[in-house]
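Before any comments, here is the structure.
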Protein chains: 2
Amino acid sequence: MTTARRHATLEDVARAAGVSRSTASRVLAESGFASPIARERVRDAADRLGYVPNAAARALVRGAGVRLLVAVAGTSPGVLDDSYLDQVVSTTAQVCAPYGLGVTVAWVPLDQPGQLARLADDRAVAGLVLVNTTEALLDVVPRRLHGRTASIGIGSTAVPSVDIDNGGGTSAIVRHLYAAGRRRIAMVTGPAWLACSRRSVEAYRGLLREAGLPVREVAGDFSAARGRSAAREVLHRWPDTDAIVGISDATALGVIDQLRADGVRVPADVAVTGFDDIPLASVTALTTASHPVRRIAAAAATMVLEQRPAPPTTMFPSSLVLRESA
Amino acid sequence: MTTARRHATLEDVARAAGVSRSTASRVLAESGFASPIARERVRDAADRLGYVPNAAARALVRGAGVRLLVAVAGTSPGVLDDSYLDQVVSTTAQVCAPYGLGVTVAWVPLDQPGQLARLADDRAVAGLVLVNTTEALLDVVPRRLHGRTASIGIGSTAVPSVDIDNGGGTSAIVRHLYAAGRRRIAMVTGPAWLACSRRSVEAYRGLLREAGLPVREVAGDFSAARGRSAAREVLHRWPDTDAIVGISDATALGVIDQLRADGVRVPADVAVTGFDDIPLASVTALTTASHPVRRIAAAAATMVLEQRPAPPTTMFPSSLVLRESA
DNA sequence: TTGTAAGCGTTATCAT
DNA sequence: ATGATAACGCTTACAA
């Protein structure tokens with residue numbers, strides 16, 4: 001171990017190996033020709049000197065970028081304060097580490113998708129992962145980043161996506177409710193601008209219509225607070241409701257809380273279901289659908305890092321988790 | 001909106017503003033002199049052209065690095081799969097974004113602190129945030145990164161830290177238990193290598209000894225699983241135990257779960273407390289101590305980004321949250 | 001106050 | 001197969 005040596009550069013390695021910088025570069029980057037002898041000597045010198053390529057220099061000359069941007073659409077910067085997003089960012093950072101890439105998060109105002117262009121127009125941005133993706137967002141992905149972008153949610157011809165089968169998941173939930181004898185099934189929906197939310201709603205509607213049951217929708221926003229007020233709204237408008245489908249676990253938990261506070265028994269009087277299977281769900285015995293968030297995020301990140309032609313959409317299954325609330 | 005324009009460089013801005021590159025640089029970097037007229041023209045040109053500085057180029061010339069490394073000590077890579085860490089990483093990424101820095105996470109094996117040197121010896125690393133910090137880890141922070149490192153947990157003369165008052169938090173909990181009439185208070189501890197865990201244990205011991213009460217410790221590891229087995233162990237060794245202090249909320253939840261399964265009433269027979277106040281805690285009515293994880297992480301990140309002489313240790317308070325479990 | 005010019009560490013295009 | 005040499009976009013003495 002040398003002590004206070006300055007950081008070794010490619011030049012140092014080349015000199016130590018008795019070759020030119022170009023040769024050293026070729027060997028170390030595994031591109032272009034080099035004699036076996038040169039190879040060996042360069043490799044040798046490199047790890048003797050503890051050579052670590054300078055990411056900034058590399059990125060500069062290649063125009064490649066040094067970090068991956070996780071862009072999240074939402075109505076307020078508050079979307080960044082969310083445990084789901086935490087998982088996505090953290091997982092992305094773990095996947096990026098071996099590639100020498102860092103991760104950044106940013107909020108893109110829902111009504112100004114163009115902001116994405118500003119953020120992504122930075123040459124330092126090597127790739128893009130879209131979260132809460134909207135069609136408008138997909139449209140403003142800079143051309144430079146085509147092939148280096150993946151979406152968690154909906155995709156487009158230019159942007160491959162990793163998605164959850166929200167429709168299938170919701171269908172499974174509704175079917176379970178039906179099988180359990182529920183016939184007055186209401187739903188607390190999510191923001192209409194979110195495709196994943198729309199798909200859940202559509203699955204719900206489709207199934208109920210097919211079964212000749214009444215559709216009872218109340219607008220929600222994923223939050224527990226809205227779940228509480230929505231519970232009251234539902235029972236006020238349709239007192240005979242016997243099941244409430246929540247668009248998220250938080251919403252469902254809010255619903256249950258309010259219901260019980262109002263003396264309504266869950267699931268005896270009203271069954272309640274959630275969506276996502278957050279840790280809280282198992283403790284509160286919430287019946288819900290489970291989704292592998294970490295694997296999904298890792299898949300998205302890997303897509304942009306490996307950038308091999310990916311299938312337009314990779315669907316991850318939604319699996320029903322039966323517990324006590326329904 | 002121009003369409004397929006090439007990305008604007010500093011040169012472009014300078015030309016558009018009718019000044020030299022250096023002047024433009026000075027204005028945009030807010031360093032050095034520039035006439036008001038020049039300032040205005042450069043600023044103008046910059047945002048007319050949508051100029052975004054190239055982080056790689058900047059990092060290269062400054063030798064500054066392009067990402068912040070969050071290094072986590074632990075016995076296995078499993079430490080990376082943790083919601084607390086998720087929050088730290090995500091918050092760090094949010095704080096770093098405006099600085100044009102990305103974030104990376106890495107695991108440092110507890111028994112090979114030297115691994116940190118390998119990771120941090122990369123010039124691309126602009127700063128370091130240590131998590132689950134040990135003394136050994138503090139010792140191997142490369143000199144280059146002194147002044148650019150912050151620790152969440154213990155610190156050293158070279159590394160400022162952001163810490164939680166674990167001792168105070170635990171004391172408050174134990175005092176509450178005592179005030180509530182509990183006299184046979186056991187504790188499920190955490191890994192001894194973690195300073196924060198040791199401090200909690202010491203606070204617990206100190207208070208009990210002072211009060212002339214018996215010390216009853218069982219080794220734990222923060223997990224809920226260990227909480228379960230520990231609950232049995234405690235009641236087996238000391239059947240008259242009337243309170244169990246958990247080193248973490250997960251542990252406490254495990255304890256409660258096992259206790260109830262074994263027909264022990266909580267808190268009637270045995271009071272149980274946690275530590276951290278995770279979202280689950282409020283739902284399960286767990287009495288615990290609350291800590292502002294996001295603010296702590298933000299403080300640590302800000303320290304390395306701003307690198308103004310920070311106080312050696314910034315303590316964040318631990319605040320008692322009384323609920324039903326104790 | 002402003003401009004000129006010399007790098008920062010790599011990669012890539014050429015001749016050789 | 002190898003080595004000059006010219007970028008990449010920016011900062012910063014230093015000169016004017």
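Convention: sequence-line order gives letters A, B, ...; per-chain numbering from 1.
- Residue B:Arg294 comes nearest to A:Asp81 through the heavy atom pair NH1-OD1, 3.0 Å, listed as atom of the first residue, atom of the second, then distance.
- A:Ser25 and A:Ser22 form no side-chain donor-acceptor contact under 3.5 Å, judged by distance and modelled atom types alone.
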Per-nt protein contacts along nucleotides 10-16 of chain C (heavy atom under 4.0 Å; B base, S backbone sugar-phosphate only, - none) come out as BBB----
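- Heavy-atom neighbours of B:Gln112 CD from other residues, nucleotides or ligands within 6.0 Å: above the threshold of 12.
- Looking at heavy-atom distances under 4.0 Å, B:Ala34 makes contact with sugar-phosphate atoms alone, never a base.
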Residues A:Thr133, A:Ser151; criterion side chain to side chain donor-acceptor pair (under 3.5 Å); working and verdict: CA-CA 7 Å; A:Thr133 316; A:Ser151 162; 2.7 Å; yes
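- To the nearest angstrom, C1' of C:dG9 lies 11 Å from CZ of B:Arg123.
- With a 4.5 Å cut-off on side-chain heavy atoms, A:Thr149 and A:Val129 do not count as touching.
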With a 3.5 Å cut-off and sequence neighbours excluded, list the donor-acceptor pairs that the side chains of residues 58-67 of chain A form with protein atoms.
from	atom 1	to	atom 2	distance (Å)
A:Arg67	NE	A:Thr104	OG1	3.1
A:Arg67	NH1	B:Gly100	O	2.8
A:Arg67	NH2	A:Asp122	OD2	3.1

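- Between the CG atom of B:Leu60 and the P atom of D:dT12 there is a distance of 12 Å, given to the nearest Å.
- For B:Ser20, no side-chain nitrogen or oxygen approaches OP1 or OP2 of C:dT2 to under 4.0 Å.
- The backbone N or O of A:Ala192 lies less than 3.5 Å from no partner atom in the side chain of A:Ser197, so there is not a single donor-acceptor pair.
- For the segment residues 36-44 of chain B, no residue has any heavy atom less than 4.0 angstrom from an atom of DNA chain D.
- Under 4.0 Å is where a charged nitrogen must lie from a carboxylate oxygen, and between A:Asp12 and A:Arg15 at least one such pair does.
- Computed from coordinates, the B:Phe33 CZ to D:dA16 P distance equals 19 Å when rounded to whole Å.
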